[in-house]
Enquirer: 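Handing you a structure now.
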Amino acid sequence: MCDSLTPEQVEIFQFASTGHNVFVTGQAGTGKSRVVNAIRGHCQQRGLRAAVVCSSGIACQVYDPGVASTVHSYYGLGAADLPSEQLLNRATSDARICEKVKKVDVIIWDEASMSSARILELVNTLHHRLSDQHDNGLPFGGKQIIIVGEFLQLRPVPSTFDSGNFMFTSHVFRHAVLHRFQLTKVLDNKFFLDALSDVRLGTCSKETAAFIETLSRDLSPELNSVATHIFLKKNAVLIFNRLKLEEIDGDLMRFEATYEGNGDKVNWPGERSLFLKSDCKVMLLWNKSESLKNGSIGTFKRVLDKDKLLVYFEKVGNVAIERVTWIQKNRQGETIGVVHQFPLTPACAVTCHKSQGLELPAVVVHSSKEFVPGLLYVAMSRVLSADTLQVIAFSRSQVIPATPELIIQCRRDPGESDPALRCCRQKATGDESFFDVHDRFAAVESVNDDDDCYEFPFEVSDGMVQSYFEREDTNLEVSVAQLFEQMENHESELSRPPTEGLDTTSLLRNLKVNTPSSDFS
């Protein structure tokens with residue numbers, strides 16, 4: 001089984017075979033998926049039940065149909081848009097979820113960088129609650145967990161209940177996942193992937209910049225016809241897709257979203273007014289089946305009826321797409337609003353965030369200044385070869401260096417290992433607080449000893465705020481929750497706003513806008 005593995009990969013395979021918890025990292029092209037498949041095959045040979053879970057539906061498509069599930073689906077978390085206790089109670093009330101969680105021996109978590117610390121804590125607590133008595137004081141109920149991914153990408157997406165912190169910031173990760181292995185040997189396209197490695201760290205030498213500048217040449221007509229254009233910000237994507245629609249012959253069709261309650265204030269990935277033409281490229285925004293996931297790209301063909309659109313997906317064929325429903329809840333788990341719309345968006349161009357996890361036949365990156373580290377690395381690494389990549393207007397000054405904390409998490413550190421696994425999997429947790437799940441704003445005791453309340457002001461808890469940046473050329477909208485966190489969390493007393501005369505709730509209410517869109521979408 002190890003014959004096709006590199007020495008680095010063999011080391012990881014053999015260490016994981018001893019039962020330890022492991023974190024496997026490495027840039028694109030170093031063979032992380034090859035290691036996962038070897039470990040999974042070895043588990044099957046030994047009669048162990050190994051579950052492969054991924055952070056997104058599109059990441060599951062690396063595997064054969066039926067092999068991998070999203071972590072949200074496998075553990076019954078749905079969109080994880082409820083307080084943690086409600087999520088845990090719902091999952092543990094589902095007999096199907098309970099049965100497979102109890103029976104699994106090894107959890108392989110792929111593309112884990114897109115899953116947050118909160119999701120890791122939810123999974124840990126679910127295994128704790130469903131474990132046998134003698135294992136329920138151990139991380140993940142004593143199950144082996146193998147985490148695979150690289151944190152030098154984009155951070156998980158924040159939500160009403162989730163701060164979007166990388167999972168390595170969780171107390172669970174720090175306690176139970178101490179053996180870190182980095183794959184460094186690039187298997188193919190070494191010069192291209194070495195350049196990506198430079199951009200990945202945010203250093204970008206003159207040699208790397210010179211190489212990337214050579215990629216500004218046009219792609220061949222064949223590649224250009226299938227290329228996906230990637231921009232860093234959403235507004236540029238909207239404009240580009242609309243211009244591409246205008247170039248296609250035929251009638252422009254418009255499909256309006258419908259709303260219930262305060263649906264117009266819901267943050268959701270679709271289009272309020274969806275414009276399509278026959279034969280335009282579209283992206284699916286919903287996990288529809290084992291073969292069609294959120295991020296799958298196809299071609300819109302025609303309208304079947306008012307509630308069905310026909311879309312062609314390669315390797316799947318023609319598929320009828322119906323309207324779906326997005327629901328947003330507040331911190332109390334109450335429904336704020338509901339949106340009904342076709343889960344499609346024009347996809348001649350996509351944002352960098354939307355592209356993460358995709359493997360595309362050809363890409364044109366429209367380079368600009370990063371506003372968070374990792375954007376350009378994610379965009380450029382959507383292809384396997386420089387031959388299928390065009391990079392427009394690249395400059396070294398656009399790249400933001402990765403933080404030292406992220407770089408440390410992506411370096412080899414096997415740590416000390418104990419044959420009895422007391423270093424990780426069998427490591428005592430101390431007390432029940434280890435199984436706490438940290439929601440974005442923690443519950444606090446009510447002064448009247450009634451129901452729990454939250455530190456966050458409910459009356460302004462959902463929606464966007466006007467730009468609060470000092471620079472006039474920055475016109476980003478951010479969520480109320482993001483601004484609240486910035487006002488409450490400070491690195492020093494000097495950055496703390498004055499307490500006298502400052503009404504945070506009133507300030508946030510005045511800054512709120514009704515537009516649900518965001519440059520980070």
Side-chain angles (χ1 to χ4, degrees), residues 6 8-9 25-34 111 113 149-154 182-233 236-237 240 348-404 406-412:
T6 67
E8 283 182 330
Q9 294 168 342
T25 188
Q27 74 168 82
T30 53
K32 296 189 293 294
S33 295
R34 185 179 296 182
E111 287 288 353
S113 63
E150 56 167 330
F151 294 118
L152 287 169
Q153 296 194 65
L154 306 179
Q182 180 189 17
L183 289 168
T184 60
K185 183 175 175 57
V186 173
L187 304 181
D188 297 296
N189 299 298
K190 186 178 186 319
F191 195 67
F192 169 53
L193 293 176
D194 283 349
L196 281 184
S197 178
D198 213 8
V199 175
R200 173 176 177 252
L201 297 172
T203 51
C204 194
S205 66
K206 291 181 179 179
E207 293 75 16
T208 292
F211 170 72
I212 294 175
E213 286 169 8
T214 67
L215 301 180
S216 62
R217 83 284 183 256
D218 292 336
L219 294 175
S220 68
E222 294 78 16
L223 287 174
N224 194 52
S225 65
V226 297
T228 299
H229 293 250
I230 299 178
F231 293 85
L232 272 56
K233 293 188 178 181
V237 169
F240 187 90
C348 286
V350 298
T351 61
C352 185
H353 283 76
K354 280 281 196 300
S355 75
Q356 185 162 335
L358 296 178
E359 185 177 304
L360 299 167
V363 160
V364 179
V365 175
H366 296 259
S367 189
S368 60
K369 178 69 175 177
E370 292 183 323
F371 48 88
V372 292
L375 285 167
L376 290 172
Y377 169 65
V378 169
M380 293 180 195
S381 59
R382 297 310 91 206
V383 294
L384 300 177
S385 167
D387 295 337
T388 58
L389 174 66
Q390 180 182 6
V391 182
I392 298 173
F394 176 79
S395 168
R396 290 176 65 197
S397 63
Q398 296 168 347
V399 180
I400 297 178
T403 64
L406 286 175
I407 293 173
I408 289 171
Q409 290 300 323
C410 292
R411 286 179 177 163
R412 173 188 166 86

Enquirer: To check you understand the geometry: which heavy-atom pair defines the closest contact between P401 and P373, and what is its length?
Expert: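 Looking at all heavy atoms of both residues, the closest pair is O-CG, 3.8 Å.
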Enquirer: Residues two or more places apart in sequence or in another chain: which of them pass ring-ring contact (aromatic ring centres under 6.0 Å, His included) with Y377?
Expert: none
Enquirer: Measuring from L152:CG to S113:OG, what's the distance to the nearest 0.5 Å?
Expert: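 Rounded to the nearest 0.5 Å, the CG-OG separation comes out at 9.5 Å.
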Enquirer: Ignoring hydrogens, what is the shortest heavy-atom contact between S368 and L232? Give both atom names and the distance.
Expert: O-CD2, 3.4 Å
Enquirer: With sequence neighbours excluded, what pairs up with R396 under the salt bridge (Lys or Arg N to Asp or Glu O under 4.0 Å) test?
Expert: none
Enquirer: Which residues satisfy the side chain to side chain contact (heavy atoms under 4.5 Å, CB included) test with D194, sequence neighbours excluded?
Expert: V186, K190
Enquirer: Name all pairs fulfilling the salt bridge (charged side-chain N to carboxylate O under 4.0 Å, His left out) condition that reach into residues 198-213, sequence neighbours left out, sorted by first residue then second.
Expert: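 Qualifying pairs: E150-R200.
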Enquirer: Closest heavy-atom contact between A209 and F394?
Expert: CA-CE2, 4.0 Å
Enquirer: Which donor-acceptor pairs under 3.5 Å do side chains of residues 358-367 form with protein atoms, sequence neighbours excluded?
Expert:
from, atom 1, to, atom 2, distance (Å)
H366, NE2, H229, ND1, 2.8
S367, OG, Q398, OE1, 2.4

Enquirer: Quick one: does K369's side chain have a donor or acceptor within less than 3.5 Å of a partner on S397's backbone?
Expert: yes
Enquirer: Could you give me the CA-CA distance, side-chain angles and deciding distance for L183 and T25, then say whether side chain to side chain contact (heavy atoms under 4.5 Å, CB included) is met?
Expert: CA-CA 6 Å; L183 289 168; T25 188; over 6 Å; no
Enquirer: Distance from Q27 atom CD to K32 atom NZ, nearest 0.5 Å?
Expert: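 Nearest 0.5 Å value for the CD-NZ distance: 8.0 Å.
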Enquirer: What's the shortest heavy-atom distance between A195 and T208, and which atoms?
Expert: O-CG2, 3.6 Å
Enquirer: For the residue pair T184 and E8, confirm or rule out a side-chain donor-acceptor distance under 3.5 Å.
Expert: yes
Enquirer: Please assess D218 against N224 for the test side chain to side chain contact (heavy atoms under 4.5 Å, CB included), listing each intermediate value before the final yes or no.
Expert: CA-CA 8 Å; D218 292 336; N224 194 52; over 6 Å; no
Enquirer: Which heavy atom in V237 sits nearest to a heavy atom in T351, and how many Å separate them?
Expert: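 Here V237 and T351 meet closest at CG2-N, 3.6 Å.
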Enquirer: Does the pair L375 and H353 meet the rule for a side chain to side chain contact (heavy atoms under 4.5 Å, CB included), with working shown?
Expert: CA-CA 8 Å; L375 285 167; H353 283 76; 3.8 Å; yes
Enquirer: Checking T403 now: which residues fulfil side chain to side chain contact (heavy atoms under 4.5 Å, CB included) with it, not counting sequence neighbours?
Expert: E405, L406
Enquirer: To the nearest 0.5 angstrom, please state how far the CD1 atom of I230 sits from the CG atom of L389.
Expert: 8.5 Å
Enquirer: Could you give the distance from CG (L154) to CD (Q356), rounded to the nearest 0.5 Å?
Expert: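 L154 CG to Q356 CD: 4.5 Å, rounded to 0.5 Å.
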Enquirer: To the closest 0.5 Å, what do you measure between CD1 (I212) and CE (M380)?
Expert: 4.0 Å
Enquirer: Just verifying a value: how many Å separate I392 CD1 and L215 CG, rounded to the nearest 0.5 Å?
Expert: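 Separation between the atoms: 11.0 Å.
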Enquirer: Hey, are the side chains of S355 and T228 touching, using non-hydrogen atoms and a 4.5 Å cut-off?
Expert: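 No. Closest side-chain heavy atoms not under 4.5 Å.
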Enquirer: Could you report the tightest heavy-atom contact between S216 and Q390, atom names first, then the distance?
Expert: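 Shortest heavy-atom contact: O-NE2, 3.2 Å.
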